[in-house]
Amino acid sequence: MEKIITKNFQETADLGFKIGQTCLGGEVFALHGNLGAGKTTFLQGLAKGLGVKNQVNSPTFNILKLYKTKSKSIVKEFCHIDAYRLASGKDLLDLGVNEFLESRNTVTAIEWVEKVESILPKKIISIYIENISESSRIIKIKRG
Ligand SMILES: Nc1ncnc2c1ncn2[C@@H]1O[C@H](COP(=O)(O)OP(=O)(O)O)[C@@H](O)[C@H]1O
Ligand SMILES: [Mg+2]
């Protein structure tokens, strides 16, 4: 497991950006961490790295938000899910999320993934973010 310490929100966004730039299409990111840990901050960077030009916001009230990329790569869209308000994975299936999870043209990221773990594909990239202090975070990355 990879471990990185970030000392401010920009470093977390930059880490997301670097990882976004390396995506080949079809990745599913599973985000773990408390409220305010930095999940959305990380994904704002990731989206930029994928070539999303629009501002990525917390999708809490929409649950699922789709962004087009301006990229020449195979990645054509970023699917941002916030499962906080969901009861189970079935709620996500009802939203038609399988279409995005299975698409090579989509990179999907799920905040509060604990709620919907039952429907995840086998191959995911897990991101764990923990607060160390007001402005420091430890970020663990597990690919598998
Ligand atoms: N090292 C850091 N990494 C990420 N966010 C940080 C960091 N230090 C402070 N912050 C602040 O913590 C908050 C994280 O919020 P957000 O990304 O919305 O969290 P989450 O989506 O996990 O609820 C932001 O206000 C951000 O500025
Ligand atoms: Mg968030």
Side-chain angles (χ1 to χ4, degrees), residues 1-6 8-132 136-144:
M1 188 145 55
E2 228 176 303
K3 286 184 195 170
I4 297 115
I5 288 174
T6 64
N8 54 59
F9 86 95
Q10 192 59 53
E11 287 186 12
T12 297
D14 288 349
L15 176 67
F17 182 82
K18 270 201 281 175
I19 293 172
Q21 283 186 313
T22 66
C23 284
L24 300 172
E27 285 87 351
V28 176
F29 289 89
L31 278 287
H32 299 261
N34 293 333
L35 191 69
K39 301 180 294 297
T40 300
T41 302
F42 175 88
L43 293 179
Q44 285 167 339
L46 185 112
K48 254 192 199 147
L50 293 173
V52 172
K53 299 295 177 204
N54 291 333
Q55 173 68 28
V56 169
N57 295 310
S58 184
T60 300
F61 297 100
N62 330 40
I63 298 167
L64 184 154
K65 216 164 161 184
L66 207 55
Y67 298 86
K68 296 279 173 221
T69 71
K70 299 266 190 249
S71 163
K72 288 204 175 73
S73 85
I74 190 171
V75 182
K76 297 301 174 207
E77 54 189 17
F78 171 56
C79 176
H80 186 190
I81 295 167
D82 191 320
Y84 187 68
R85 283 159 185 273
L86 300 182
S88 75
K90 186 180 174 297
D91 291 350
L92 262 194
L93 293 181
D94 291 345
L95 287 173
V97 79
N98 260 345
E99 178 194 333
F100 305 119
L101 293 176
E102 289 165 6
S103 169
R104 286 284 324 263
N105 303 116
T106 311
V107 169
T108 304
I110 308 174
E111 298 190 37
W112 297 102
V113 71
E114 297 84 355
K115 301 251 186 166
V116 297
E117 247 156 2
S118 62
I119 64 138
L120 293 184
K122 281 212 185 81
K123 203 174 159 219
I124 57 174
I125 303 164
S126 298
I127 310 281
Y128 299 86
I129 309 181
E130 290 165 39
N131 292 46
I132 308 176
S136 298
R137 304 288 188 269
I138 183 156
I139 302 177
K140 298 176 190 164
I141 304 171
K142 198 173 108 196
R143 296 169 194 270

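FYI, side chains are in, hydrogens and waters are out, and symmetry mates aren't considered; it's all heavy atoms of this structure.
In this structure, the side chain of Asn105 engages the main chain of Ile74 through a donor-acceptor pair within 3.5 Å. The main-chain N or O of Tyr84 is found under 3.5 Å from a side-chain atom of Lys115 such that the two form a donor-acceptor pair. Side chain of Asn34 to main chain of Ala37: no donor-acceptor pair is present (N/O by atom type, distance under 3.5 Å, no hydrogens or angles). No donor-acceptor pair under 3.5 Å is formed between the side chain of Asn62 and the backbone N or O of Leu64. Judged by distance alone, with hydrogens and angles left aside, the side-chain atoms of Arg104 form a donor-acceptor pair with the main-chain N or O of Leu24 at under 3.5 Å. Although no hydrogens or angles enter the test, the distance criterion places no donor-acceptor pair under 3.5 Å between the side chain of Arg137 and the main chain of Gly38. Panel note: side chain Thr22, backbone Ile19; a donor-acceptor pair is recorded below 3.5 Å.
Across all their heavy atoms, Val107 and Gly26 have their closest contact at CG2-N, 4.4 Å. Across every non-hydrogen atom of Glu27 and Ile125, the tightest pair is CG-CD1, 3.9 Å.
Between Glu130 and Lys140 a salt bridge is recorded (basic side-chain N to carboxylate O distance below 4.0 Å). The pair Asp94-Lys90 meets the salt-bridge criterion, since a charged nitrogen lies less than 4.0 angstrom from a carboxylate oxygen.
Between Val56 and His80 there is a side-chain heavy-atom pair separated by less than 4.5 Å. With contacts defined as side-chain heavy-atom distances shorter than 4.5 Å, the pair Gln55/Asn57 qualifies. Residues Val52 and Lys68 have side chains not in contact (no heavy-atom distance under 4.5 Å, counting atoms from C-beta outward). Looking at heavy atoms from C-beta onward, Ser71 lies out of side-chain contact with Leu50 at the 4.5 angstrom threshold. Side-chain contact between Ile4 and Leu15 is present, with heavy atoms from C-beta onward closer than 4.5 Å. Lys142 has its side chain out of reach of Glu2: every pair of non-hydrogen atoms, C-beta onward, lies at least 4.5 Å apart. Between Val116 and Asp91, every side-chain heavy-atom pair lies at or beyond the 4.5 Å cut-off.
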**Message:** Before you tell me yes or no, could you show the steps for Phe100 and Leu92 under side-chain contact (heavy atoms from CB on, under 4.5 Å), namely the whole-Å CA-CA distance, both residues' side-chain angles and the distance that decides it to 0.1 Å?
**Reply:** CA-CA 11 Å; Phe100 305 119; Leu92 262 194; over 6 Å; no
**Request:** Evaluate side-chain contact (heavy atoms from CB on, under 4.5 Å) for Ser88 paired with Leu86, printing each intermediate quantity in order.
**Result:** CA-CA 6 Å; Ser88 75; Leu86 300 182; over 6 Å; no
**Item:** Worked check of side-chain contact (heavy atoms from CB on, under 4.5 Å) between Asp82 and Ile63
**Value:** CA-CA 5 Å; Asp82 191 320; Ile63 298 167; over 6 Å; no
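In this structure, Ile110 CD1 and Ile127 CD1 are separated by 12.5 Å, a value rounded to the nearest 0.5 Å. Separating the CG atom in Leu43 from the CZ atom in Phe17 is a distance of 14.5 Å, to the nearest 0.5 Å. Residue Phe78 holds its CZ atom at 12.0 Å from CG of Asn54, rounded to the nearest 0.5 Å. A distance of 6.5 Å separates CD1 of Ile129 from OG1 of Thr12, quoted to the nearest 0.5 Å. To the nearest 0.5 Å, atom CZ of residue Phe9 and atom CD of residue Gln44 are 8.5 Å apart. In this structure, CD1 on Ile138 lies 6.0 Å from NZ on Lys3, to the nearest 0.5 angstrom.
There is no side-chain donor-acceptor pair under 3.5 Å between Thr69 and Glu77. Side-chain contact, Thr106 with Thr108: no donor N or O sits under 3.5 Å from an acceptor N or O.
The side-chain contact (heavy atoms from CB on, under 4.5 Å) with Val113 is formed by just one residue from the set Val28, Leu31, Ile81, Leu120; it is Leu120.
Note: Tyr128 and His32 have parallel aromatic rings, judged against thresholds of 30 and 60 degrees for the angle between ring planes.
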